[in-house]
Structure formats: structure tokens, C-alpha cells
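Structure first, commentary second.
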Amino acid sequence: MEILIKDEDSKGALGNMASAFSGLGLGGGNTNVYNEMIALSSPAVMYEVVERLNLEMNYLEKDGLAKTTLFGTNLPFNAILNDIHANSSAGFRADLYPNGDVKLYKFFKTLEDGSKKKYDEEVRGKIDGKAIRTPIGRIVLAKNLSYIPDTKKSKDAVTIVVSRMPLMTATELYSSKLRVDLADTDADVIDLTIKDPSVERADAILNTVMDVYNENWMADKNKVSVATSDFIGERLKIIEKELGVVDTDISKYKSDHLIPDLREAAKLNMEENAKITHEILELNNKLAMSGFVKDYVTNPANVNSVIPVNTGMGSQQLESQIASYNSILLGRNNLAQSSSDSNPLVLDYDAQLRGLREAIVKGVTAHVSALQTQIGNMKGAKALTETKLSSGPTQAKDLLSAERQQLVKQSLYLFLLQKREENELTQTFTAYNTRILTPPMGSLEPVAPKKGLIMGSSFLLSILIPALWIYFAYYLDTKIRSRKDIASMAAPFVGEIPMVARNQRVGLRKGKAGKISKKSKELENVIVAVKEGSRDAVSESFRIIRGNIDFMVKNQPTNVFLLTSFNAGSGKSFIAFNLAASFALKGKKVLIIDGDLRHGSASQFVGMPSKGLSNYLTGQDDNWQSLCREVEGHSGVDVLPIGHRPPNPSELLDNGRINTLLDEARKEYDYIFLDTPPVDVVVDTQILEKSADRTLFVIRAGLLDREAVVEIDKLYKNKRFKNMSVILNGTTSEHSRYHTYGGYGYYGN
């Protein structure tokens with residue numbers, strides 16, 4: 001909807017009519033288009049629109065999951081909730097049958113504490129304008145005379161959802177939907193738009209907004225005119241009485257003294273005197289009107305009343321100040337009517353108005369002083385001409401004084417009569433200051449939601465959400481995943497072992513693939529990865545570790561390796577066995593000692609025999625060689641199992657017999673691997689560390705947190721374990737450098 005705001009200086013109809021009356025002093029200030037935009041979007045205007053159109057009531061026709069907003073020609077009835085307060089909400093559902101019957105159900109209303117109460121009762125009635133008693137009070141269903149039935153719809157019952165919201169809530173809702181924009185910065189044209197599911201309701205809202213705005217504009221305009229009429233009427237009564245007294249005095253004086261006509265005799269002197277007198281008359285008029293305005297402004301009874309304009313004081317500045325004061329006062333009174341005199345905004349207006357009123361009083365006082373000075377000067381000039389007439393009769397002088405008063409009163413009286421007629425013309429001049437250029441025209445196509453935008457947004461979200469999930473999953477992952485996560489570690493790095501393929505997972509006890517933690521009495525799945533002729537990446541990684549170990553020892557007689565970790569399930573037994581198998585392929589003789597007397601994971605390679613290390617440590621069997629078992633299919637790899645699980649493993653390991661065993665084993669085996677419990681979980685590892693030559697610290701990828709790298713460095717720097725080095729176990733293909741291994745051939749051990 002496009003609206004032209006007419007300016008009184010423009011060439012429109014309003015401007016032409018204002019020009020026609022400009023000679024009579026009609027017309028106010030120019031219209032400010034930005035002020036009118038604020039007035040159009042005022043909550044007070046929308047509140048009136050809500051009341052006129054009953055916008056607090058909302059009607060939805062329910063058809064399955066779809067709901068259609070009903071208003072105007074497609075609304076069969078209007079519901080009036082007589083017993084619901086204006087600041088409360090309520091509602092119900094109505095099934096409208098073809099025979100005119102209505103079933104009301106699913107009632108609800110808000111209580112004083114703000115809670116919502118629902119009712120299960122059903123009530124039947126008709127659309128006949130009679131009150132229907134319901135759980136939420138009396139409801140009147142009145143026929144909508146503008147309703148046009150849709151013949152294309154089925155004859156079945158129609159379900160209508162009726163709801164009522166508080167008036168202030170409805171005002172805020174529709175105020176937020178209404179948009180008032182300037183069509184062009186160089187034009188006084190306003191675009192008035194509103195988005196609503198019902199085209200009819202949107203059209204009705206825009207048209208009613210214009211009606212309310214125009215009515216308010218005319219009411220504000222006439223308030224000034226009415227106040228001016230009252231002021232002029234009071235002045236006319238006083239001047240008319242004074243003029244009658246002067247006329248009577250002059251008539252009586254001439255009758256008593258038989259004064260002749262002296263004008264012809266004193267014509268030359270009187271011409272000059274008349275000129276001065278005329279100027280004095282004008283100044284006296286202005287002085288009198290200034291005094292009237294000052295009395296009116298200083299009267300406490302007129303604090304909230306507009307000040308009359310166009311009074312003829314002869315000061316454009318004062319007239320402009322009075323016009324500004326009246327405009328602000330009207331805004332204050334309008335705000336006070338819609339709220340209260342104690343509203344902070346009203347109080348701000350009062351403070352501003354007091355300042356303007358004081359400025360006006362001071363201005364009028366200064367103007368009165370200036371007029372009095374001018375009159376004094378003119379009287380001085382007049383005294384010179386009157387001296388020339390002093391030779392005339394004394395009666396002539398008295399008569400002239402009386403006639404002068406008569407002229408003053410008569411001139412002021414005629415002036416006020418003219419102003420009264422002008423003000424009456426202003427009141428009857430009812431042309432609005434707006435013209436509708438484009439009437440409301442709602443689009444038949446929905447403006448929201450936009451399918452293209454929704455589909456495009458959905459497509460972008462389908463890409464963005466997985467990307468964000470991957471991004472946060474990566475950056476929120478605090479586990480060690482690859483070698484680069486431990487690149488800053490001070491301890492030497494021996495090598496990494498990639499994750500074993502699913503079909504390679506074997507063991508004494510079956511479990512889920514990839515399981516990296518175990519219960520207290522559960523053996524982990526140890527995988528046999530290194531075999532004769534194996535070519536996979538896991539086997540090759542053990543060969544690389546084997547080469548690195550050979551490089552570290554360099555034919556030194558240090559061949560007892562302790563394997564430990566921070567976590568259970570890190571793969572110590574897996575590494576111990578497969579590393580031993582890798583050395584055995586080179587013809588080395590290797591012994592694996594299962595030093596974890598509490599679990600015995602490495603003992604599974606030889607079938608978990610009932611005799612083993614615990615029997616030797618308790619002294620039940622002094623021949624430890626007889627307790628060792630050779631691993632089937634792996635020549636050169638022997639395992640010393642734990643045997644039975646003792647109740648005091650730490651005391652047995654610390655009785656000194658383990659040192660004797662290792663001293664003797666060094667003479668028979670090239671490499672000895674001690675499979676021990678995790679660090680700082682039990683004291684067993686610290687006891688066995690005293691007898692070991694080197695330590696292989698196992699880190700399981702995906703199990704150990706990156707913060708543990710600092711703790712491992714402390715173990716290395718504090719030399720809690722001899723010659724400690726690190727092995728990274730279980731890296732996945734995307735994190736392992738062995739994911740490209742398949743591109744290379746295999747040429748032997």
C-alpha cells in the first residue's frame with residue numbers, strides 16, 4: 001500500500017486550498033513525512049485497529065495437518081467470549097456441521113497466576129447469536145454476514161480452532177508485522193506493508209490503519225482551532241463591552257459640550273498626527289494581544305491546553321514557538337490518554353513543555369517591553385504635533401482622546417472578528433493530509449515460507465552439519481592417534497604397529513573385534529601376526545621394531561626387555577609375543593616371561609598350564625626350565641607361564657628368586673621379554689624393573705590421552721625405568737604411515 005503525504009506547500013489539493021486561504025492567515029506548518037511514519041506505526045493506532053477488527057480473535061480451519069486462517073468471507077461465524085477478561089487468553093475447538101449445529105470442545109483459558117487450565121467437557125449449540133454456557137464462560141456464536149460458503153468443499157463437518165489472545169499481546173503482534181518504509185528519499189510517499197496468512201485480514205488491517213490515522217489527524221488539527229475559537233470569543237466579549245462604554249462617553253461628551261467638527265480646521269496638523277496615531281494603534285493592538293497571550297499562558301488553568309495561534313502579536317519567532325509548543329502538547333496529551341500522567345514519557349513531555357512555556361512567557365514579556373518602548377517613542381513624536389493643536393479648544397483635545405480610545409477598541413474588535421471567521425473556516429476545512437496511491441493488494445502466492453530458500457538452506461545445512469561434526473570430532477578428540485601426537489616426547493621412539501585387520505583377530509578367548517579394555521579377570525585377545533612368510537603391514541612393522549632394537553643394543557649383553565604401559569589393554573602381550581616371533585625368524589632363541597601374576601595374558605600362548613612362574617617363586621619347583629613351554633608353530637619361542645594365580649604376587653616377585661631366574665635365563669636365551677602390569681596400578685612392575693636391562697613402554701592409539709605424554713616424559717627424564725623407549729600400538733590406516741605399505745613388494749625376512 002502506497003500513501004502520499006500531502007504538504008501544504010505542495011501543488012496537491014491540500015496545498016491549493018491552503019493557498020486560497022493564506023490571505024486570511026490560515027494554514028499550519030508543513031507536514032513532516034518522518035513524523036507521519038512514526039504516527040502510522042504507533043501502538044495506539046494499532047490498538048484501535050485491533051479493537052475495531054477484533055484481531056485478538058484468531059480462527060483456524062483444521063484439515064488434517066494443514067491449518068487455514070479464516071477471516072472475512074471465509075469465516076462462517078464470529079465468536080464473542082463475554083466472560084474472558086481483556087488481558088486473558090482462552091480458546092476452544094468447534095466442529096461445524098452442515099445442519100448448522102456446532103460442537104464445542106477442548107476448552108482452555110489462562111488463570112490469574114499465568115497457568116493454563118484445560119477442560120474436557122463438550123458443549124453443543126447453534127450459530128444463532130445466543131449465549132452458550134461453557135466451562136470458560138458464556139460464548140456467543142454470531143453469523144458472519146460477509147461469509148461466502150465454499151461449494152467445492154465436502155459436506156462433512158468442519159473443525160475450526162478458535163483462540164483469543166490479550167488485547168495488548170495482539171497489538172504487539174500486529175505492530176511487529178506492520179512495516180512503514182519511505183518509498184523514496186526524494187518523495188513523500190510511504191510504503192505500508194504487513195505479512196499475514198490471510199490476504200483479507202492484511203487488507204483490512206492496512207485500510208483500518210489509514211482510517212484511524214486520518215481520524216486522529218483531524219482530531220488533533222481541530223483541537224487547536226477549538227481552543228483558538230474559545231480564546232477569541234472571550235476577547236470579543238470584553239472588547240465589545242469596552243467599545244460600548246467608549247461610544248457612550250463620546251456621545252454624551254459631544255451632547256454636553258456641543259463640540260463642533262474641528263477636522264477641517266486642523267487638517268494639515270491632523271494628517272501628520274493621524275499617521276502617528278495609526279502606527280500607535282497598530283502597536284497598541286500588538287501590545288494588547290501580547291498581554292492577552294501572556295495572561296493566557298501564565299494562567300495555571302491552561303497548563304494542559306494549547307496556546308492560541310495567529311493572535312497578531314507581530315512576532316514570527318513567538319508564533320513559531322507557540323506552534324512547536326502546541327505540537328508537543330498534543331503528543332503529550334495523546335500519550336497520557338493511552339497510558340497515564342505518571343508515565344515516564346509523559347513526565348519527560350511535561351518537563352519539556354515547562355521549559356517551552358517559560359521561554360514563551362519570557363519572549364512575550366520581552367516583546368511587550370519592545371512594544372511599549374516603540375509606543376513611548378511614537379507618543380513623543382505625537383506630542384510635538386499635539387503642541388501645534390494646543391491653541392484649539394480644550395474640548396477638542398478631550399474629544400480626540402476619547403475618539404482615540406474608540407478607534408483602538410474598534411480596530412481590535414474588527415481584528416478579532418476576522419480571526420474568528422478564519423478559525424471557523426479552518427475547522428470546516430476537512431481535507432485529509434494523505435492520499436492513497438496504491439490500495440492494499442495481497443499476493444495470491446505465499447511470500448513465506450520460500451520453498452527455494454528452504455531447500456537451498458537445507459542443502460547447505462546437509463553439507464555444513466557433517467562438516468562441523470567432523471571438525472569438532474577431530475578437534476575435541478584428546479586421544480593419541482598417530483606418531484605426530486607424541487612427536488614432542490623426549491623418550492626414544494622404537495616404532496609403531498598398525499591396527500590388525502578384523503579377520504586376523506584370534507586368541508584364547510573370543511570377544512568383540514577391536515576391544516581395547518578388559519575386566520579384571522578377563523584375558524585380552526592376543527593376535528598372532530608374525531608368521532613364517534607373512535607379508536602384511538603388521539608383520540613388517542614388527543620387523544622394523546626388531547631392527548631398531550638390534551641397533552640400540554649393538555651386540556651388548558643387555559637382552560632382558562620389560563614391557564609396560566599406562567593402561568590395561570594396550571597390547572603388551574601382543575607386542576611381546578609377536579616381537580619374540582620376529583626375533584625367532586632370525587634364528588634367535590627368545591623367552592617370554594609372563595610377569596603379570598594377576599592376569600596371565602601371555603600364558604594363553606601355551607594353553608594356560610597349571611604350573612609356571614608362581615611355582616618357582618614359591619619354591620615348589622626349583623627347575624624353572626621345566627616350567628617353560630615352547631609355542632607351537634614358532635620354533636625358538638618359549639613362554640614361562642604364571643601357573644596358578646597366587647594371592648600375594650608382589651611378595652613373591654620381591655623375594656629375590658626372579659633375579660636368579662633371569663641370571664640363568666640370560667645364559668640360555670638371546671632375548672627375554674617380561675610382560676608386566678601397567679605402571680602405578682600395582683607395584684609388580686617396579687619390582688621387575690630392577691632386573692630388566694631395557695624398557696619398552698607401550699602406548700595404545702585411541703586409548704591414552706595426549707596429556708599423558710607429559711607423564712611418560714617424566715618417567716623417562718626421572719629414569720624410573722632403565723633405557724626406556726616407546727612403541728605406538730594400534731594406529732588406524734588414516735593415521736598410520738603403513739597405509740601405503742601395500743604398494744611395495746615383499747622380499748624376505
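Throughout, numbering of the chain's residues begins at 1 and tracks the sequence.
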* Where do Ile136 and Phe108 land on the side chain to side chain contact (heavy atoms under 4.5 Å, CB included) test, with the steps shown first? -> CA-CA 7 Å; Ile136 61 175; Phe108 74 90; over 6 Å; no
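- Dense packing is recorded around CG of Asn299, with more than 12 heavy atoms of other residues, nucleotides or ligands lying under 6.0 Å away.
- The OG1 atom of Thr134 sits 7.5 Å away from the CG atom of Leu104 when rounded to the nearest 0.5 Å.
- In this structure the side chain of Glu36 never reaches within 4.5 angstrom of the side chain of Val180, judged on heavy atoms.
- Counting heavy atoms from C-beta on, the side chains of Glu61 and Val158 come closer than 4.5 Å.
- Counting non-hydrogen atoms of other residues, nucleotides and ligands closer than 6.0 Å to NZ of Lys126 gives a total above 12.
- Between Tyr59 and Phe77, the ring planes lie perpendicular to each other; the angle is over 60°, past the 30° to 60° tilted range.
- Judged purely by atom type and a 3.5 angstrom limit, Ser339 uses its side chain to pair as donor or acceptor with the backbone of Leu335.
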*After noting the C-alpha distance and the side-chain angles of Thr478 and Glu707, does the key distance pass the side chain to side chain contact (heavy atoms under 4.5 Å, CB included) rule?*
CA-CA 8 Å; Thr478 60; Glu707 294 181 355; over 6 Å; no
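- Between Tyr174 atom OH and Glu56 atom CD the span is 9.0 Å, to the nearest 0.5 Å.
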Lys177 vs Asp196, test: salt bridge (charged side-chain N to carboxylate O under 4.0 Å, His left out). Steps then yes/no.
CA-CA 8 Å; Lys177 291 183 177 182; Asp196 194 80; 3.4 Å; yes
- request: List the steps, then state whether side chain to side chain contact (heavy atoms under 4.5 Å, CB included) holds for Arg332 with Asp350.
  value: CA-CA 8 Å; Arg332 180 263 180 204; Asp350 290 339; 2.7 Å; yes
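- In summary, of the residues considered (Ile194, Leu70, Leu75, Leu55), a side-chain contact (heavy atoms from CB on, under 4.5 Å) with Arg201 occurs for Leu55 alone.
- Within the model, atoms NZ of Lys294 and NE2 of His367 stand 12.5 Å from one another, a figure rounded to the nearest 0.5 Å.
- Inter-residue side-chain proximity for Thr69 and Leu60 is flagged as met; some heavy-atom pair is nearer than 4.5 Å.
- To the nearest 0.5 angstrom, Phe107 atom CZ is 8.5 Å from Glu122 atom CD.
- Counting heavy atoms from C-beta outward, Val33 and Leu182 have side chains that approach closer than 4.5 Å.
- Contact check for Pro76 versus Ile160: side-chain heavy atoms found under the 4.5 Å cut-off.
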As a quick check of understanding, evaluate side chain to side chain contact (heavy atoms under 4.5 Å, CB included) for Leu81 and Phe92, giving each step before the final call. CA-CA 11 Å; Leu81 282 62; Phe92 59 91; 4.2 Å; yes
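- Counting non-hydrogen atoms of other residues, nucleotides and ligands closer than 6.0 Å to CZ of Arg179 gives a total of 12 or fewer.
- Within 6.0 Å of atom CZ in Arg706, more than 12 heavy atoms from other residues, nucleotides or ligands are found, so the atom counts as buried in its surroundings.
- The closest donor-acceptor contact from the side chain of Asn214 to the backbone of Asp211 lies at 3.5 Å or more, if one exists at all.
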